[in-house]
Amino acid sequence: MFRRTVIGKHRTTSSISTVRPVHTQPHPPHLSLLADKCNSMHQLQQIHAQMLVTATFHDNFAASRLLSFSALSINGDVIYASKLFNTIQQPNMFMWNTLIRGFAISPNYPHEAMLLYVKMRRIGVTPGKHTFPFLLKACFNLRSAGSCKQVHSHVVKVGFDLDFHVVNSLIRTYCGSSGLVFARQVFDEMPDRNVNVWTTIVCGYAQNDCAQEALALFNRMVGEGFEPSGPSLSSVLSACAQSGCLDMGEKIHRYIVEKGFETEVILGTALVNMYAKNGAILLARHCFDNMPEKNIITWNVMISGLAVHGHAKEAIELFQELEKCHHVKPNDSTFVGVLSACCHAGMLDFGRKIFNSMRDVNGIEPKIQHYGCMVDLLGRGGMVLEAEELINRMPWQADLKILGALLSACGSYGNIEVAERVVKKMLVLEPDNHGVYVVLSNMYADAGRWDDVSRLREVMKDGSLKKTPGWSAGGDKD
DNA sequence: CTAGGGTTAG
């Protein structure tokens, strides 16, 4: 069990590799140091075992080091942490908080954080000021405004409603669960604020598509004498990007330069995005090229910015540059940008190659947006049948958007046969979609099929194709 | 004795 190979790496004294009887063993403080240095659950379990044998585990500080690793580390195991926690007779506040935090940030068990909090209250333990930010993180990850409200009332009852960290967490959590009104209320009721709180509310509005309000609040913040921080500038740039406020964006850029802010990844990306969304593609590119460090979001913003503004070739060249980059790997939205560039440039073969390379080379499963790009690309290239086939091969049901792209390709290339099949599918999804009748009718007219035009007109008067034999939208299922 | 809030895209 106590393999020297693993433990021995960090061994500082000889006592650790030899298990001595408990009564002769003083609490070895180095065991908790080891717990801090461990990087796998395997190592952690060995230290745990050592602590049990040497009675070190009864020391709450030592036990909490184990708890922290297993609950919080990327290589940890929150279920193990929970079991470990249950063996502790008198957990202290740090331990309760650590496990709540561990559950809160776990992908699968944020709800357990709430349950643990309830359990803690039931046995009469009063939460500390650190408890609430963790608990609220769980609410945030659950996207639950209801839970947030409940926690909010506990915050008030326990009296932490003046703690910046706690209140900021409340605002952030409300913003993340469609509770912008509550967030604003909490914000307005604060007797005093700091830059972080201002940033949270500005960001909250920006992320909820309320760019104007975000800009207004940012201006108010500055007006009240707060020095904008890097994060607050990133947030307001996002608002400038959404709302087309190039002037404001440039003003912010000048401010960043004047104040000598480090344009590290996030702030730099926010600038690139702001310029790209505003169509100032050269300025975007200039910022991009001058960034010393970029992440995948930076690349995506630049690539799709180029694609959208008619620089398909450059977008693809940039993607090829990204492929040579060792520390940044493309993700699924990278491919949305690249495929839309192919679409724009009509690069059919290259687009097919890229689409296939997603899974084969990059291990990324294409999503419906990628199929959408491909249908568009194939359709515009006149490969209407291939596009239809691709839709039929998708693992999901086609939506109106993707069918619409195919239908318009049918229109451009006069493929009535496919158009009729597509229209049927679209009417299943949306029986009163009049647009599709019009498209189809125009196609019949273009082909001189006047009988079909009038037949369709009758059907439209009826209100639905469903009633017409041979046109029963739900009737012949594919 | 340990710890908490703010930032970039779709």
Side-chain angles (χ1 to χ4, degrees), chain A residues 29 32-33 35-36 59-69 71-72 92-102 104-105 127-137 140 160 163-173 175-176 193-204 206-207 209 214 218 221 226 228-242 256 261-277 287-288 291 293-305 308 331-337 340 367-370 372-373:
Chain A
S32 16
L33 294 178
D36 283 334
D59 172 15
N60 265 356
F61 183 75
S64 64
R65 302 326 302 151
L66 291 180
L67 194 65
S68 292
F69 178 86
L72 307 176
N92 61 24
M93 187 48 62
F94 179 85
M95 292 166 154
W96 283 103
N97 291 346
T98 301
L99 190 56
I100 288 174
R101 183 186 180 191
I105 62 176
K129 59 179 177 178
H130 289 87
T131 311
F132 292 107
F134 299 144
L135 203 53
L136 287 163
K137 180 77 85 183
F140 183 89
F160 289 123
D163 184 301
F164 276 138
H165 292 280
V166 173
V167 179
N168 206 14
S169 299
L170 267 174
I171 296 173
R172 170 107 184 94
T173 306
C175 287
R193 310 185 178 97
N194 64 12
V195 184
N196 292 338
V197 176
W198 277 101
T199 303
T200 303
I201 196 79
V202 169
C203 171
Q207 292 185 337
D209 302 317
F218 179 82
M221 174 187 114
F226 289 94
S229 60
S232 68
L233 293 165
S234 305
S235 289
V236 78
L237 282 170
S238 160
C240 295
Q242 289 175 33
I256 289 170
F261 270 90
E262 297 283 329
T263 48
E264 40 58 72
V265 193
I266 297 181
L267 192 52
T269 304
L271 273 172
V272 174
N273 181 49
M274 184 277 295
Y275 281 123
K277 290 290 188 304
C287 292
F288 179 87
M291 282 174 68
E293 194 194 324
K294 307 172 181 81
N295 65 17
I296 190 56
I297 300 179
T298 321
W299 286 88
N300 290 350
V301 159
M302 194 67 241
I303 290 173
S304 59
V308 166
N331 66 14
D332 52 338
S333 36
T334 315
F335 287 96
V336 175
S340 74
K367 295 190 175 152
I368 195 155
Q369 297 102 297
H370 304 106
C373 292

Checklist entry - Within 45° of the six-membered ring axis of A/F61 and under 6.0 Å from that ring's centre, is NZ or CZ of A/R65 located there? => result yes
Checklist entry - Reading nucleotides 5-10 of chain B from the 5' end, what letters show protein touch, with B for base, S for backbone sugar-phosphate only, - for no heavy atom under 4.0 Å? => result BBBBBB
Checklist entry - Is A/N92 touching bases, backbone alone, or none of the nucleic acid, heavy atoms closer than 4.0 Å? => result base
Next on the checklist: Please determine whether a side-chain nitrogen or oxygen atom of A/R101 lies at a distance below 4.0 Å from atom OP1 or OP2 of B/dG4.
Outcome noted: yes
Checklist entry - Going through the distances and angles, do A/N196 and A/T199 end up as a side-chain hydrogen bond (donor to acceptor under 3.5 Å, both in side chains)? => result CA-CA 5 Å; A/N196 292 338; A/T199 303; 5.0 Å; no
Checklist entry - Can A/H130 be called stacked on B/dA3 when the rule is centres closer than 5.5 Å and an angle between planes below 30°? => result yes
Next on the checklist: Run the side-chain hydrogen bond (donor to acceptor under 3.5 Å, both in side chains) test on A/N331 and A/N300 for me, step by step, so that the C-alpha distance in whole Å, both residues' side-chain angles and the decisive distance to 0.1 Å come before the verdict.
Outcome noted: CA-CA 9 Å; A/N331 66 14; A/N300 290 350; 3.1 Å; yes
Checklist entry - Can A/F61 be called stacked on B/dT2 when the rule is centres closer than 5.5 Å and an angle between planes below 30°? => result no
Next on the checklist: Whether the side chain of A/Q242 engages the backbone of A/A206 through a donor-acceptor N/O pair (distance < 3.5 Å, no angle test) should be reported.
Outcome noted: yes
Checklist entry - How is A/D36 classified with respect to the nucleic acid when contacts are heavy atoms under 4.0 Å: base, sugar-phosphate, or nothing? => result nothing
Less than 3.5 Å apart, which donor and acceptor atoms pair up between the side chains of residues 234-241 of chain A and the rest of the protein, not counting sequence neighbours?
| from | atom 1 | to | atom 2 | distance (Å) |
| --- | --- | --- | --- | --- |
| A/S234 | OG | A/G230 | O | 3.1 |
| A/S235 | OG | A/P231 | O | 3.3 |

Next on the checklist: Could you check whether any side-chain heavy atom of A/F94 comes within less than 4.5 Å of a side-chain heavy atom of A/S68, counting everything from C-beta outward?
Outcome noted: yes
